[in-house]
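Numbering of residues begins at 1 and proceeds along the displayed sequence. Just so it is clear, the model here is predicted, and its values are computed rather than measured.
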Amino acid sequence: MEYVSALVDDYSLPPPPPPTYSVVADPEGGELNQYGLRYDGVPGLAATLGRNKLILDNARWVGNVGWRQNEQTFDGAFLKYSGIKTLTGQYAYLSNVNTITATNVDLKGHLLNLSWAALPQLTLTGYAYLLDYEPDAATDFDTYGLRAAGSAPVTDAVKLVYAAEYAQQSAETAAADFDADYLLGELGVGFKPVTILAGYEVLGSDDGLFGLQTPLATKHAFQGWADVFLTTPATGLQDLYLSVTGAAGPVTLAAVYHEFSADESTPTIDDYGSEIDLSASMKLVGKLGGLLKYASYSADDGSGTVDTDKLWLQFDYAF
């Protein structure tokens, strides 16, 4: 179970826009987070019925949004098979999404994910995520994609990390049907204790009328921690980013820079803005840990977005 309470009330929850205060997507309330029945009597097979946490691949399409105070979970039936050493297959039928804003979203969802460790340095994944929302007026999404990711040593102290992904999404709204593409390319180098990674991600647009959406994703982990682009604009979004992660003694550090632009430019919108994200975490005393995290988004004029700064101070105790 989980319960969330707010110390102050001068913040807004989505929707409706425009808010009086900045949006903080963490409403007050409590809920039963996970429950169910699990069967694992067949070697390599786990079958679950009930409410479950689900993270697929890097959580770009399906995740638990673990950063938020109210974790995202799913109601339905879940199968995972890992009885073959290099293969992992997962299927889920979803009847409800328990969102981070403490709302229940009814749907008929089919999630299929098949991962193959083709080489020690490369894992290939194919997926199909078919989301039919209730009521009928809601937008439905069918997404099919392929992902390749891995790492390879260059020397004993240096390794390359890489990822490439392509997906195609069809969206059916009450008024029209749309198609949009997803592209990702990442390349990085790790030399202990530092990893430098450059990436380019595109959430495509259909002629500036519809932007590709990832409604079940752990969105906070992508397109900047300021959460400006939790919903992809109709023009789509291109994100060019550079990250540096590592450690300085007991402190784990991360710095990320994003440059955002429209995938389909309009007479008024081309570039959206840029963002800098910084974090530092460490164990403090015993099992007590701390995190300091900062996000600063700078909007371009005419982009329809606004400058946003967010600062978090977090303590956690493990037992």
Side-chain angles (χ1 to χ4, degrees), residues 34 36-66 71-99 104-119 122-134 136 138-150 163-173 177-184 186 201-204 210 212-219 221-222 232:
Q34 295 182 60
L37 299 173
R38 178 168 296 168
Y39 175 77
D40 56 4
V42 177
L45 177 67
T48 305
L49 180 65
R51 179 168 294 177
N52 198 34
K53 176 168 68 175
L54 185 61
I55 304 172
L56 297 178
D57 299 324
N58 63 341
R60 189 63 187 99
W61 298 98
V62 182
N64 66 321
V65 201
E71 187 176 33
Q72 177 171 270
T73 56
F74 306 93
D75 295 341
F78 309 85
L79 295 174
K80 182 176 182 179
Y81 182 73
S82 54
I84 302 175
K85 185 177 181 180
T86 59
L87 290 176
T88 300
Q90 296 189 70
Y91 168 78
Y93 172 78
L94 307 181
S95 61
N96 182 66
V97 182
N98 309 286
T99 72
N104 294 312
V105 179
D106 293 331
L107 80 162
K108 297 176 182 177
H110 299 273
L111 310 180
L112 181 62
N113 182 287
L114 183 61
S115 182
W116 174 38
L119 298 168
L122 181 65
T123 298
L124 303 176
T125 303
Y127 53 83
Y129 305 138
L130 314 179
L131 307 179
D132 183 4
Y133 285 91
E134 300 290 344
D136 291 339
T139 302
D140 299 328
F141 303 98
D142 290 346
T143 305
Y144 300 87
L146 295 170
R147 176 179 173 83
E165 187 171 349
Y166 171 77
Q168 199 278 329
Q169 183 177 87
S170 297
E172 181 180 346
T173 71
D177 296 341
F178 299 99
D179 295 296
D181 295 331
Y182 172 85
L183 293 169
L184 172 72
E186 286 185 340
E201 185 180 40
V202 179
L203 282 72
F210 167 83
L212 181 140
Q213 304 296 325
T214 59
L216 303 184
T218 297
K219 299 180 184 180
F222 304 91
T232 308

If you measure from [atom1] on [X] to [atom2] on [Y], what distance do you get to the nearest 0.5 Å?
{"X": "Leu130", "Y": "Leu112", "atom1": "CG", "atom2": "CG", "value": "8.5 Å"}
{"X": "Asp132", "Y": "Thr139", "atom1": "CG", "atom2": "OG1", "value": "11.5 Å"}
{"X": "Leu45", "Y": "Tyr81", "atom1": "CG", "atom2": "OH", "value": "8.0 Å"}
{"X": "Leu94", "Y": "Leu131", "atom1": "CG", "atom2": "CG", "value": "7.5 Å"}
{"X": "Asp57", "Y": "Thr125", "atom1": "CG", "atom2": "OG1", "value": "4.5 Å"}
{"X": "Asn52", "Y": "Asn98", "atom1": "CG", "atom2": "CG", "value": "11.0 Å"}

- Test Asp75 against every option in Lys108, Arg51, Lys53 by the salt bridge (charged side-chain N to carboxylate O under 4.0 Å, His left out) rule and name the one that passes.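 Result for salt bridge (charged side-chain N to carboxylate O under 4.0 Å, His left out) with Asp75: Arg51.
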
[X] and [Y]: side chain donor to acceptor below 3.5 Å:
{"X": "Tyr133", "Y": "Asp106", "value": "no"}
{"X": "Gln72", "Y": "Asn64", "value": "no"}
{"X": "Tyr144", "Y": "Gln169", "value": "no"}

May I ask you to test the [X]-[Y] pair for a side-chain heavy-atom distance under 4.5 Å?
{"X": "Asp181", "Y": "Val202", "result": "no"}
{"X": "Tyr127", "Y": "Leu56", "result": "no"}
{"X": "His110", "Y": "Tyr91", "result": "yes"}
{"X": "Val105", "Y": "Glu134", "result": "no"}

Considering non-hydrogen atoms only, spot the tightest contact between [X] and [Y] and give its length.
{"X": "Gly50", "Y": "Phe78", "result": "O-CE1, 3.7 Å"}
{"X": "Gly63", "Y": "Thr218", "result": "CA-OG1, 3.3 Å"}
{"X": "Thr143", "Y": "Ala167", "result": "CG2-CB, 4.2 Å"}
{"X": "Ala117", "Y": "Thr123", "result": "CA-OG1, 4.1 Å"}
{"X": "Val65", "Y": "Ala217", "result": "CG2-O, 3.6 Å"}
{"X": "Gly204", "Y": "Ala180", "result": "O-CB, 3.6 Å"}

Inset, instruction - Show your working on side-chain contact (heavy atoms from CB on, under 4.5 Å) between Val97 and Leu107 and close with a plain yes or no. - result: CA-CA 8 Å; Val97 182; Leu107 80 162; 3.6 Å; yes

(request) Report the C-alpha separation of Gln90 and Asn113 in whole Å, then their side-chain angles, then the decisive distance to 0.1 Å, and conclude whether the side-chain hydrogen bond (donor to acceptor under 3.5 Å, both in side chains) test is met. (result) CA-CA 5 Å; Gln90 296 189 70; Asn113 182 287; 4.8 Å; no

| task | Evaluate the criterion side-chain contact (heavy atoms from CB on, under 4.5 Å) for residue pair Leu111 and Val62; output intermediate values, then yes/no. | result | CA-CA 9 Å; Leu111 310 180; Val62 182; 4.1 Å; yes

Within 45° of the axis and under 6.0 Å from the centre of the six-membered ring of Phe222, does NZ or CZ of Arg60 qualify?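 Here Arg60 passes the 6.0 Å and 45° test against Phe222.
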
Worksheet item: Could you walk me through whether Leu203 and Leu183 pass the side-chain contact (heavy atoms from CB on, under 4.5 Å) check?
Response: CA-CA 7 Å; Leu203 282 72; Leu183 293 169; over 6 Å; no

* Would you check, one step at a time, whether the test side-chain hydrogen bond (donor to acceptor under 3.5 Å, both in side chains) holds for Asp142 with Ser170? => CA-CA 5 Å; Asp142 290 346; Ser170 297; over 6 Å; no

**Asked** Is a donor on one side and an acceptor on the other found under 3.5 Å between the side chain of Thr232 and the backbone of Leu212?
**Response** yes

Exercise. Please work out whether the ring planes of Trp61 and Tyr129 are parallel, tilted or perpendicular, with thresholds of 30° and 60°.
Key: tilted

| said: Pair Lys80, Thr88 - check side-chain contact (heavy atoms from CB on, under 4.5 Å), show working. | reply: CA-CA 7 Å; Lys80 182 176 182 179; Thr88 300; 3.9 Å; yes

